[in-house]
Amino acid sequence: MDTTCIRFCALFLFLCFTSLNAQLLPEDEVKVLETISSKLQNRWNVSRASCMQGMGLNTTDPTYRRIVSNVTCDCSFNNSSVCHVVTIQLKGLNITGTLPPEFANLTHLRELDLSRNYLNGSIPSSYGQLRVSILSLLGNRISGLIPKELGDIFTLEELNLENNLLEGPLPPNLGSLSRLRIMFLSANNLTGTIPENFSNLKNMTDFRIDGTSISGTIPDFIGNWTKMDRLDIQGTSMEGPIPPTLSQLKNLTMLRISDLRGEQMQFPNLTGLTKMRRLTLRNCSIFGPIPLYVGAMPLKLL
Ligand SMILES: *[C@@H]1O[C@H](CO)[C@@H](O)[C@H](O)[C@H]1NC(C)=O
Ligand SMILES: *[C@@H]1O[C@H](CO)[C@@H](O)[C@H](O)[C@H]1NC(C)=O
Ligand SMILES: *[C@@H]1O[C@H](CO)[C@@H](O)[C@H](O)[C@H]1NC(C)=O
Ligand SMILES: *[C@@H]1O[C@H](CO)[C@@H](O)[C@H](O)[C@H]1NC(C)=O
Ligand SMILES: *[C@@H]1O[C@H](CO)[C@@H](O)[C@H](O)[C@H]1NC(C)=O
Ligand SMILES: *[C@@H]1O[C@H](CO)[C@@H](O)[C@H](O)[C@H]1NC(C)=O
Ligand SMILES: *[C@@H]1O[C@H](CO)[C@@H](O)[C@H](O)[C@H]1NC(C)=O
Ligand SMILES: *[C@@H]1O[C@H](CO)[C@@H](O)[C@H](O)[C@H]1NC(C)=O
Ligand SMILES: *[C@@H]1O[C@H](CO)[C@@H](O)[C@H](O)[C@H]1NC(C)=O
Ligand SMILES: *[C@@H]1O[C@H](CO)[C@@H](O)[C@H](O)[C@H]1NC(C)=O
Ligand SMILES: *[C@@H]1O[C@H](CO)[C@@H](O)[C@H](O)[C@H]1NC(C)=O
Ligand SMILES: *[C@@H]1O[C@H](CO)[C@@H](O)[C@H](O)[C@H]1NC(C)=O
């Protein structure tokens, strides 16, 4: 057989295979993906069969052989005949332009990670329709206010907006994200105080607001976030004292607070924090002795 014939037979078998086991993306989802692709420097070549062939959506850097566009599908819909895109990771790809509002049309998306690109503009309010558990826009040039609609993503467990140009106050609506475990807001020009509604965020394990202009006192209610593992409040506009309720965070392993404004304070009550590995309380106008119980903490850094 000559090569043309081999190619023809291969194509024929492939078509037979695909028609017997067709697991296709819906037409409108292909259109949404094409729209997004065109706004992100033609990242993808999308077809209805993209989930089956693993081509067009996933791309690999030929030099480093690492996956640079990582898209996964779930093809178990409608008796395993329909696929939907469920995760999208486009990390560190130097992508420019504004955030496409059309991501919000991907109703089955569970993860959207656009970390470390050069995306600018503001976060579209349409993202409130997303039903993702992970949303990361870490390390871009995203500006403007955090839209209050993000508080509608009740599925959200991880929100990472670190290292952008966001400004203005934290929307109180974010306090309704009851599943939220991770909230990273460090290195933004955010202002205002931590909203009272955040007292509801009792699933929180890791909260970081370093290098923001967030002000006010550290709220007492953080002591009710009993699952906390790490709390970072360095270089903000916040003021003391450090609330004694922090001593209730028995699972805390890292606490970093620096540059608090306001009056001098005694060493804070950290008696219950027996798992602490890293403790930073720098430039907080603390006076008086360091309590003996600090010596019993399993500290790697003080
Ligand atoms: C996305 O959804 C909105 C309405 O929710 C619709 O108006 C718009 O046409 C959709 N965009 C695409 C590209 O399908
Ligand atoms: C899309 O297809 C065109 C033409 O076949 C090709 O040049 C381009 O590299 C493809 N892009 C991706 C991201 O696969
Ligand atoms: C993309 O690659 C991941 C592995 O990182 C894989 O799980 C997934 O199925 C691939 N996506 C497609 C559309 O083939
Ligand atoms: C692709 O994304 C999936 C879903 O987040 C993840 O499990 C997988 O490890 C990723 N693959 C690569 C190569 O990054
Ligand atoms: C899949 O099933 C859903 C719900 O049963 C239905 O709305 C949708 O139209 C079906 N999709 C296809 C492509 O058949
Ligand atoms: C789903 O597919 C299986 C196996 O192909 C078939 O037996 C079953 O009847 C299908 N169910 C529906 C609801 O189409
Ligand atoms: C991003 O840009 C930097 C600097 O120009 C370059 O070194 C790097 O290879 C680019 N990365 C990708 C994935 O294009
Ligand atoms: C914590 O999150 C789980 C789901 O991840 C949810 O069922 C539970 O209600 C949340 N807890 C609180 C106190 O909101
Ligand atoms: C941060 O916000 C303040 C007040 O709105 C403004 O004066 C300042 O220029 C902003 N800084 C940056 C780096 O955008
Ligand atoms: C902490 O939770 C308890 C019990 O739910 C509640 O009575 C108390 O008011 C809360 N403390 C703060 C400061 O929100
Ligand atoms: C604290 O950590 C332990 C061990 O990892 C875990 O069993 C426990 O549920 C945690 N407590 C809270 C309040 O999250
Ligand atoms: C410190 O906090 C613990 C636990 O919350 C409490 O039992 C104790 O009375 C507090 N100590 C002081 C000096 O307030």
Side-chain angles (χ1 to χ4, degrees), residues 25-40 42-44 46 48 50-51 54-76 83-93 97-117 124-138 147 149 151-160 173-183 196-207 221-229 248-249 251:
L25 284 164
E27 198 72 64
D28 52 354
E29 191 159 331
V30 171
K31 288 217 175 67
V32 171
L33 292 164
E34 277 170 346
T35 307
I36 293 169
S37 179
S38 70
K39 293 186 175 184
L40 300 177
N42 299 315
R43 206 56 42 192
W44 302 316
V46 200
R48 291 198 64 193
S50 285
C51 288
M55 291 186 301
L57 290 172
N58 275 357
T59 48
T60 308
D61 181 330
T63 319
Y64 303 107
R65 296 189 164 216
R66 64 176 187 114
I67 290 189
V68 293
S69 162
N70 178 17
V71 178
T72 67
C73 304
D74 180 345
C75 293
S76 67
C83 300
H84 293 289
V85 166
V86 288
T87 73
I88 295 179
Q89 295 181 345
L90 297 169
K91 300 194 281 187
L93 302 179
T98 58
L99 284 171
E102 290 82 5
F103 276 118
N105 293 49
L106 298 173
T107 48
H108 291 82
L109 205 57
R110 295 198 286 258
E111 172 182 352
L112 178 57
D113 189 339
L114 304 172
S115 300
R116 298 195 173 86
N117 286 295
S125 56
S126 66
Y127 283 19
Q129 295 164 35
L130 286 167
R131 291 295 170 261
V132 292
S133 56
I134 300 175
L135 177 61
S136 177
L137 304 175
L138 160 74
E149 288 81 1
D152 299 337
I153 312 176
F154 63 88
T155 50
L156 205 58
E157 293 175 26
E158 298 182 18
L159 176 64
N160 189 348
N173 302 32
L174 298 184
S176 50
L177 297 171
S178 63
R179 296 187 196 169
L180 207 61
R181 292 182 286 102
I182 286 175
M183 185 185 244
E196 200 60 38
N197 283 13
F198 280 29
S199 62
N200 300 325
L201 300 175
K202 291 183 183 170
N203 269 319
M204 194 77 84
T205 61
D206 197 340
F207 182 75
F221 61 69
I222 289 187
N224 273 347
W225 293 353
T226 52
K227 296 184 180 173
M228 284 291 284
D229 172 55
Q248 298 163 25
L249 304 181
N251 275 359

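Note that ligands are numbered from 1 as they come in the structure, with each ligand's atoms numbered from 1 the same way. Sequential numbering from 1 along the given sequence is applied to the chain's residues. Any value given below was found using the heavy atoms of this structure, including those in side chains, with hydrogens, waters and symmetry copies removed.
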Student: Is there any protein N/O under 3.5 Å from an N/O of ligand 1, and what does the full list of such pairs look like?
Tutor:
from     : atom 1 : to   : atom 2 : distance (Å)
ligand 1 : 2 (O)  : N105 : OD1    : 3.4
ligand 1 : 2 (O)  : N105 : ND2    : 2.4
ligand 1 : 11 (N) : N105 : ND2    : 2.8
ligand 1 : 14 (O) : N105 : ND2    : 3.3

Student: As a quick check of understanding, evaluate side-chain contact (heavy atoms from CB on, under 4.5 Å) for L99 and Y127, giving each step before the final call.
Tutor: CA-CA 10 Å; L99 284 171; Y127 283 19; 3.6 Å; yes
Student: Take M204 and F198, measure what side-chain contact (heavy atoms from CB on, under 4.5 Å) needs, and give me the verdict at the end.
Tutor: CA-CA 10 Å; M204 194 77 84; F198 280 29; 5.7 Å; no
Student: Between side-chain atoms of residues 152-159 and protein atoms elsewhere (two or more places apart, or another chain), which donor-acceptor pairs fall under 3.5 Å?
Tutor:
from : atom 1 : to   : atom 2 : distance (Å)
T155 : OG1    : R131 : O      : 3.2
T155 : OG1    : V132 : N      : 3.3
T155 : OG1    : V132 : O      : 2.7
E157 : OE1    : R181 : NE     : 3.4
E157 : OE1    : R181 : NH2    : 3.1
E158 : OE2    : R181 : NH2    : 3.3

Student: Is C83 close enough to C75 that their SG atoms are under 2.5 Å apart?
Tutor: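 Answer is yes: C75 pairs with C83 in a disulfide.
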Student: For ligand 4, which is the ligand I care about here, please tell me if Q89 has any N or O atom under 3.5 Å from one of the ligand's N or O atoms.
Tutor: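 In this structure, Q89 places an N or O atom under 3.5 Å from an N or O of ligand 4.
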Student: Using a 4.0 Å cut-off to any heavy atom of E111, which atoms of ligand 4 qualify?
Tutor: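 Those of ligand 4 that fall under 4.0 Å from E111 are 4 (C), 5 (O).
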Student: E157 versus ligand 8: do any nitrogen or oxygen atoms come within less than 3.5 Å of each other?
Tutor: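 Between E157 and ligand 8 (N or O atoms, distance only) the closest approach is not under 3.5 Å.
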Student: Which atoms from ligand 4 have a heavy atom of T87 less than 4.0 Å away?
Tutor: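 Selected atoms, number and element: 4 (C).
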Student: Could you tell me which residues satisfy side chain to side chain contact (heavy atoms under 4.5 Å, CB included) with T226, sequence neighbours excluded, listed by chain and number?
Tutor: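 Not a single residue meets the side chain to side chain contact (heavy atoms under 4.5 Å, CB included) criterion with T226.
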Student: For ligand 8, which atoms sit closer than 4.0 Å to a heavy atom of R179?
Tutor: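 Near R179, meaning under 4.0 Å from one of its heavy atoms, ligand 8 has 2 (O), 4 (C), 5 (O).
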Student: List in chain and number order the residues that pass side chain to side chain contact (heavy atoms under 4.5 Å, CB included) with Q129, two or more places apart in sequence or in another chain; answer none if no residue qualifies.
Tutor: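 Once residues adjacent in sequence are excluded, the partners of Q129 under the side chain to side chain contact (heavy atoms under 4.5 Å, CB included) criterion are A104, S126.
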Student: H108 vs H84 aromatic rings, parallel, tilted or perpendicular, using cut-offs 30° and 60°?
Tutor: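 Answer is parallel, since the angle falls under 30°.
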Student: When W44 is tested against each of T59, N58, I88 for side-chain contact (heavy atoms from CB on, under 4.5 Å), which residue passes?
Tutor: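 For W44, the side-chain contact (heavy atoms from CB on, under 4.5 Å) check succeeds only for I88.
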